[in-house]
Each structure stands twice: as structure tokens, then as C-alpha cells.
J.: 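Here it is, the structure in full.
We name chains A, B, ... by the order of the sequence lines, and we start the count at 1 in each one. Worth knowing before you read on, the calculation uses all heavy atoms, side chains too, and leaves out hydrogens, waters and symmetry mates. For clarity, every value in this text was computed on a predicted model and none was experimentally measured.
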Protein chains: 2
Amino acid sequence: MGRRSDHSRDELLALVLDTAEKIVEQEGIAALTARRVSKEIGYSVGTIYNLFDNLDDLSLHVKARTLDALYAHIRAVPMGQDVEQDFLALNAAYFDFLSGNPNTWGSILERVGADGRPLPDWYLAKVALPFSVVAETMLPLFGPDGRDRADYAAHTLWCGVHGIAVMAMEDSLEVVGNHSAREMADFLILNFLRGLRAAKA
Amino acid sequence: MGRRSDHSRDELLALVLDTAEKIVEQEGIAALTARRVSKEIGYSVGTIYNLFDNLDDLSLHVKARTLDALYAHIRAVPMGQDVEQDFLALNAAYFDFLSGNPNTWGSILERVGADGRPLPDWYLAKVALPFSVVAETMLPLFGPDGRDRADYAAHTLWCGVHGIAVMAMEDSLEVVGNHSAREMADFLILNFLRGLRAAKA
DNA sequence: TTTTTATATTGAACAATGTTCATTTCCGCA
DNA sequence: TGCGGAAATGAACATTGTTCAATATAAAAA
């Protein structure tokens with residue numbers, strides 16, 4: 001078969017991404033293969049490679065969608081309470097998103113693929129966005145001239161929450177045990193912030 | 001070729017594990033293939049499968065060795081100062097180990113392989129050991145009747161440190177930026193502990 | 001010492017993967 | 001109507017994990 005007009009290039013791109021996302025969400029990133037996607041959309045393997053450089057590229061675009069969704073999700077959280085309340089709300093939204101998208105989000109937390117090649121800038125920018133929300137939330141604790149220190153504290157804290165999330169996903173490790181990861185993250189947040197406040201006083 | 005007497009079964013096991021560990025440390029977990037190991041030790045592929053169930057099983061045993069080494073490393077840290085000092089010492093030892101074994105340790109932090117099959121108990125036990133040291137260190141802050149709460153705090157904190165370590169390993173994400181991950185973890189530890197102390201007072 | 005038994009070792013074989021690219025087919029345009 | 005360029009194909013190649021019948025040899029028996 002040769003050239004078709006079933007879908008425009010953009011439609012095809014969306015079709016592939018939708019399908020890939022569905023596969024990852026339902027069966028995990030390991031189930032994402034070029035042949036599988038091509039079969040599901042009714043095109044041949046080669047078509048996937050007309051649209052993406054390689055499988056890593058495709059999975060990176062799937063991850064990018066998930067990052068977009070996460071950003072939208074935490075952007076929708078009402079803010080403006082005191083710092084503690086804001087962070088707890090952020091955390092709730094984060095774990096809410098995580099439990100709703102365990103496989104797609106899990107594929108991001110894994111540091112896999114890319115064979116050591118650096119991640120492209122457009123992707124790094126998407127990773128940075130959710131962090132920026134956290135940094136914003138931290139700002140009141142340091143005042144407008146404390147941007148750098150607020151940034152640092154925000155990064156530290158959110159890497160910490162991230163660590164709990166990772167552990168929770170590999171429930172097999174039983175590190176989190178029967179505790180709720182969400183509560184654990186709350187506990188980390190509250191004590192970290194209290195520590196920061198105590199340091200100022 | 002048939003039966004040989006070059007190595008006993010145990011010698012062969014050690015030979016395979018040594019070789020596999022070397023490969024993972026030098027080139028990362030992705031470079032660990034059955035054929036590669038068999039070639040390096042001068043046996044055929046089949047021999048690997050005489051010794052291990054499959055590749056996952058082999059890599060699990062390599063990871064187990066790394067966990068043993070980490071446990072020994074942090075066990076050697078002198079303890080008994082105040083809680084803050086002890087934790088900072090633990091943290092220093094942890095990041096020291098991490099920077100000395102980035103690939104082997106990184107392969108543990110990744111949650112990969114095992115296709116969703118649960119990890120075997122003997123492996124989970126090895127994962128729990130380093131955590132137990134952390135829990136021990138936390139105990140003085142809660143007193144002898146506060147074991148459970150100390151455990152919980154220790155798990156929370158160390159998952160947090162773990163998150164920073166993961167982020168630091170994927171330096172490509174630039175989340176940690178030019179900050180030292182070690183310092184970041186120190187910062188998290190100190191403020192978390194200060195928060196705990198402030199909550200008691 | 002010779003024969004037999006048991007088993008450690010082999011490597012060909014199979015299925016599945018990512019990736020390439022010459023070939024084919026068809027859309028759009030003159 | 002015919003033509004040029006591009007989209008779509010799928011066979012082909014290299015590599016992977018994994019299996020298992022065949023085989024060579026050490027150990028035991030005769």
C-alpha cells in the first residue's frame with residue numbers, strides 16, 4: 001500500500017500518541033512497542049518511524065503529555081492560604097494525580113531509556129513547570145528578596161515528596177508499609193516547613 | 001563440549017556475579033546481557049541459565065550485592081552523637097557510597113524489570129536493612145516508648161533523601177541544578193528534625 | 001582397567017524486539 | 001491524462017531472552 005489520505009499528518013500524530021498513551025496507562029511502559037502501536041492504528045511499523053525518531057522519542061512525547069496533564073492538574077488547585085495549607089493542597093493534588101495515572105506517571109519517575117543521551121530542552125522545560133508552582137508556593141516564607149532560598153527549599157522539599165512517591169509506587173518494596181504515602185508526604189512537608197520557621201525565629 | 005571441571009558450581013556463581021557486577025558498574029544495567037556475561041567468562045549462554053532463573057534473577061542478585069555493600073558502608077559510620085550529627089554522618093556515608101557506585105546503586109533506585117512480579121523475600125530483607133539503621137538513629141528523639149513514631153519519621157525522612165538522590169542521578173533533569181545533592185539532603189534532614197523538635201516543645 | 005551412569009555444558013533454534021530503506025502506491029497538480 | 005514527489009509499506013538485519021535435545025566428560029560401578 002502507498003500513500004493514503006485516511007489521516008493528515010497531525011491526525012496521525014495524535015492517533016499514535018493517543019494509542020501509545022492508552023497502552024502505557026493500561027499495561028505499563030514495557031508494553032509500548034512499535035509493532036504494537038502500528039497494529040492498533042492499522043498502519044505498518046515504518047509509519048511510526050516516519051513520525052518519531054525512535055521508540056525513545058515516542059515514549060518521551062507520551063511522558064510530555066503526562067507532564068502537561070499534571071501541570072494542568074496542580075494549576076487548578078486553589079491557592080492563597082498560608083504556606084502550610086497551600087503545600088498540603090498541592091500534595092493532595094499530586095497524589096490524586098498519581099493514583100489516577102500510576103503507569104504514565106510511573107514511567108516518568110523511572111529514569112530509563114535514552115541510553116545516557118541528554119533529554120531535549122523542550123522536555124526539560126515541561127519537567128520544570130510543576131516545580132515552578134512549588135517554588136511559588138514557598139515564596140511567602142522567604143519574602144520577595146528570598147527567591148533563591150525559596151527556590152532551594154522548594155526543590156529540596158519536592159524532591160523529598162518525589163522520593164516518597166517513588167517508594168509508594170514500588171509498593172513491593174514495602175518501605176512505605178501500610179502507611180498512606182500521601183500522609184507520609186504531609187508529615188514530611190509539615191515538619192520541614194516547621195523547621196524552616198523555627199530557623200527564622 | 002560437555003562437563004568440565006574448571007570451576008565448582010560456587011566458583012562459577014561467583015565468577016558470573018563478579019563479571020555481571022563489573023559490567024553494570026562500568027556500563028550500566030542496560031549493558032547486562034546473558035550473552036555478554038557468558039562470553040566474558042568463557043562459557044556458553046546456557047550456563048547462565050543453569051545458575052539463574054533468568055536475567056531478572058541475575059540482576060537481582062547483583063543488586064543484592066550492592067545492598068550488602070551499602071549496609072556494610074553505613075554500618076561502619078561512627079554513631080552516638082546527637083541525632084542531628086548522626087543523621088548528617090549517615091547522609092555523608094550514603095552519598096559517598098552513591099558517588100562511588102553510581103551505576104550499581106542507580107540500578108537499584110530504578111524500579112524496572114520484574115514485569116510486575118513481586119520481589120522475593122530474601123531481597124526485600126536486604127532492602128530493609130539500611131532502613132533499620134536510619135530508624136535506630138531516629139530513636140533518641142522519641143524515646144524508647146516511641147519506636148513506632150521514630151520508625152515512621154525515619155521512613156519519611158529517608159524516602160525524602162532517596163528522592164533527592166534519584167533526582168541527582170538523573171542530573172539531566174537539572175532539578176537539583178548546580179546545587180550539591182548532598183547539601184540538599186543535609187538541608188532536608190536538618191529542617192525536618194528541627195520541625196520534629198519544635199513540635200515537641 | 002573398563003563400563004556405565006549421571007550431569008554439566010553446549011549452541012542451534014525460536015520468538016520478539018528496534019530500526020532501516022528500497023520499493024510501491026497513490027494524492028495533488030499541471 | 002499523466003507525472004513528480006511523498007507517504008506508506010514490509011521484508012530484512014542485528015540483537016535480545018530463553019529453551020532444550022544433544023553431547024562430552026567426570027564420577028561411580030563393575
Side-chain angles (χ1 to χ4, degrees), chain A residues 1-20 23-24 26-63 107 110 112-117 119-120, chain B residues 1-20 23-24 26-63 107 110 112-117 119-120:
Chain A
M1 206 190 301
R3 184 168 185 161
R4 299 190 202 168
S5 52
D6 303 11
H7 307 92
S8 72
R9 185 188 166 86
D10 283 349
E11 284 171 338
L12 207 45
L13 245 151
L15 190 57
V16 169
L17 281 176
D18 285 346
T19 306
I23 293 172
V24 172
Q26 293 179 351
E27 304 172 41
I29 191 86
L32 184 68
T33 69
R35 284 176 175 83
R36 169 79 184 276
V37 173
S38 69
K39 188 167 292 180
E40 292 210 9
I41 65 170
Y43 280 75
S44 72
V45 215
T47 296
I48 306 293
Y49 288 86
N50 285 341
L51 298 168
F52 297 92
D53 294 342
N54 48 48
L55 250 209
D56 267 350
D57 189 33
L58 171 54
S59 75
L60 208 59
H61 278 84
V62 174
K63 292 175 186 175
S107 75
E110 286 170 23
V112 124
D115 297 342
R117 261 164 306 184
L119 293 163
Chain B
M1 206 190 300
R3 184 168 183 157
R4 298 191 203 168
S5 51
D6 303 11
H7 306 92
S8 73
R9 186 190 165 85
D10 284 349
E11 285 171 340
L12 207 46
L13 245 151
L15 191 58
V16 168
L17 282 175
D18 285 347
T19 307
I23 292 171
V24 172
Q26 293 178 352
E27 304 171 42
I29 191 85
L32 184 68
T33 69
R35 285 176 176 81
R36 169 79 184 277
V37 173
S38 69
K39 188 168 290 180
E40 291 210 9
I41 66 171
Y43 280 74
S44 73
V45 214
T47 295
I48 306 293
Y49 286 86
N50 286 340
L51 299 167
F52 298 92
D53 294 342
N54 46 49
L55 250 210
D56 267 349
D57 188 33
L58 170 55
S59 77
L60 208 59
H61 277 84
V62 173
K63 291 175 187 175
S107 75
E110 287 170 21
V112 125
D115 297 341
R117 261 164 308 185
L119 293 163

J.: Using whole Å, report how far CG of Leu32(B) lies from C1' of dT15(D).
T.: 15 Å
J.: Scan for salt bridge (charged side-chain N to carboxylate O under 4.0 Å, His left out) pairs involving residues 7-19 of chain B, sequence neighbours excluded, and state none if there are none.
T.: Asp18(B)-Arg65(B)
J.: Who are the side-chain contact (heavy atoms from CB on, under 4.5 Å) partners of Thr47(A), not counting sequence neighbours?
T.: Leu12(A), Tyr43(A), Ser44(A), Leu51(A)
J.: Using the side-chain heavy atoms of Tyr43(B), tell me which of these nucleotides is nearest: dT9(C), dT17(C), dT9(D).
T.: dT9(C)
J.: Does anything in residues 44-55 of chain B reach DNA chain C, meaning a heavy atom under 4.0 Å, and if so which residues?
T.: Ser44(B), Gly46(B), Thr47(B), Asn50(B)
J.: Which residue pairs pass the side chain to side chain donor-acceptor pair (under 3.5 Å) test when at least one of the two sits in residues 26-35 of chain B, sequence neighbours left out?
T.: Glu27(B)-Arg36(B)
J.: Return the value, rounded to whole Å, for the distance between atom NE2 of His7(B) and atom C1' of dT25(D).
T.: 17 Å
J.: Rounded to whole angstroms, how far apart are CG on Asp57(B) and C1' on dG17(D)?
T.: 14 Å
J.: When we call it a touch if two heavy atoms are under 4.0 Å apart, what does Leu12(B) touch: a base, just sugar-phosphate, or nothing?
T.: sugar-phosphate
J.: Who passes salt bridge (Lys or Arg N to Asp or Glu O under 4.0 Å) against Asp57(A), sequence neighbours left out?
T.: none
J.: Calculate, to the nearest 0.5 Å, the distance between atoms OG1 and NZ belonging to Thr19(B) and Lys39(B) respectively.
T.: 14.0 Å
J.: Can you tell me the distance, in whole Å, between the CZ atom of Arg9(B) and the P atom of dA26(D)?
T.: 19 Å
J.: Without decimals, in angstroms, what is the distance between Leu58(A) CG and dT17(C) P?
T.: 15 Å
J.: Under the criterion side chain to side chain contact (heavy atoms under 4.5 Å, CB included), I'd like the reasoning laid out for Val62(B) against Ile29(B): C-alpha separation, chi angles, the key distance, then a yes or no.
T.: CA-CA 10 Å; Val62(B) 173; Ile29(B) 191 85; over 6 Å; no
J.: Quick one: which protein N/O atoms are closer than 3.5 Å to N/O atoms of nucleotides 12-14 of chain D? Pair and distance per line, please.
T.:
{"from": "dA12(D)", "atom 1": "N6", "to": "Arg35(A)", "atom 2": "NH2", "distance (Å)": "3.4"}

J.: Only counting residues at least two apart or in another chain, list the ones meeting ring-ring contact (aromatic ring centres under 6.0 Å, His included) with Tyr49(B).
T.: none
J.: Can you name the residues that form a salt bridge (Lys or Arg N to Asp or Glu O under 4.0 Å) with Asp53(B), not counting sequence neighbours?
T.: none
J.: What's the separation between atom CD1 in Ile23(A) and atom OG in Ser59(A), rounded to the nearest 0.5 Å?
T.: 12.5 Å
J.: Whole Å only: how far is the NZ atom of Lys39(A) from the P atom of dA16(C)?
T.: 9 Å
